[in-house]
Amino acid sequence: GPLCHLNWGKLFTWLHLIEEFALDICNHFISSFCHVLYAKVFIQESPWHRLHQNCVSHAHSFIFAPEGIRFCEVELCRNASPVIFSGIKDLKLMKTTQSGFENFHRDKYTTLPERRDRVLCAELFLKWNYLECTDVDFDCIWNTARECVLEAFSGPPDCGKYSPSYQKTVNDIQMLILEKVPQVLLSWVNIFLKQQIQV
Ligand SMILES: O=c1[nH]c(=O)c2[nH]c(=O)[nH]c2[nH]1
């Protein structure tokens with residue numbers, strides 16, 4: 001499409017942060033074409049890490065790190081401020097204990113028993129947007145948000161933290177992000193259960 005006509009070499013020299021790169025692309029289309037009123041760009045990183053054998057970097061082999069994929073969505077309307085979302089997807093986490101599902105509403109159709117101990121294996125998706133889009137340290141905020149997820153999901157290393165439902169954990173993650181990252185306006189968090197092994 002029209003992207004083929006961009007000078008990719010030049011664009012890549014601007015590529016420090018995916019959020020800034022996405023905003024550059026939105027600005028490019030809005031400023032280049034007067035009939036373009038709205039632009040939306042989605043970018044996700046591919047976290048390939050070079051393999052190491054006995055502390056020697058491999059010449060050509062890489063491993064895809066499943067540490068969560070960083071992405072952003074930037075929306076820009078002509079004559080308006082951009083809306084920037086940053087997020088983490090495909091973050092796989094597991095708790096082998098300290099997870100249950102209890103105290104949920106029951107009716108005559110409910111068959112699911114309450115659980116006080118189960119293995120919770122989950123894939124997380126989260127994104128957030130910003131109160132202000134200027135002078136934002138996107139890298140630092142992304143790392144802090146990720147630490148909030150890991151901390152709220154797992155609790156202290158020695159004893160952990162009991163989760164009575166993944167919904168409660170979603171809420172804990174969101175509360176911690178709002179507490180630790182004042183630049184965040186709203187956050188969206190989803191936990192998809194992958195496997196539930198009842199204990
Ligand atoms: O934490 C949980 N929340 C649910 O809503 C749910 N539903 C289900 O089958 N297992 C679970 N676990």
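For ligands, and for the atoms within them, numbers begin at 1 and follow the listed sequence. Just so you know, these numbers use all the heavy atoms, side chains as well, and skip hydrogens, waters and symmetry mates.
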query: So is Ile191 in contact with ligand 1, going by heavy-atom distances below 4.0 Å?
result: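 No, Ile191 has no heavy atoms under 4.0 Å from ligand 1.
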- request: Using non-hydrogen atoms of the residue, decide whether Glu102 is closer than 4.0 angstrom to ligand 1.
  value: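 Judged by the 4.0 Å heavy-atom criterion, Glu102 does not count as contacting ligand 1.
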- request: Of the side chain and backbone of Tyr166, name the one, both, or neither that has a heavy atom under 4.0 Å from an atom of ligand 1.
  value: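 Both backbone and side chain.
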Which atoms of ligand 1 have any heavy atom of [X] under 4.0 Å away?
X: Ser165; result: 1 (O)
X: Arg118; result: 1 (O), 2 (C), 10 (N), 11 (C), 12 (N)
X: Leu193; result: 10 (N), 11 (C), 12 (N)

message: Could you check, using the six-membered ring where one of them is a Trp, whether Phe71 and Phe42 have ring centers closer than 6.0 angstrom?
response: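 Yes: the rings meet the under 6.0 Å criterion.
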field: Stacked cation flag Lys127 on Phe85, 6.0 angstrom / 45 deg
entry: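 Yes.
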Any Val119 side-chain heavy atom under 4.5 Å of Met94 side chain: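 Heavy-atom side-chain distance check passes, below 4.5 Å.
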- prompt: Given a cutoff of under 4.5 Å between side-chain heavy atoms of I, L, V, M, F, W and Y, with clusters grown through shared members, what are the other residues clustered with Tyr109?
  reply: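 Tyr109 clusters with nothing; isolated.
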field: Pairs involving residues 130-146, ordered by first then second residue, that meet salt bridge (Lys or Arg N to Asp or Glu O under 4.0 Å) (sequence neighbours left out)
entry: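 Of all non-adjacent pairs touching residues 130-146, those that pass salt bridge (Lys or Arg N to Asp or Glu O under 4.0 Å) are Arg70-Asp139.
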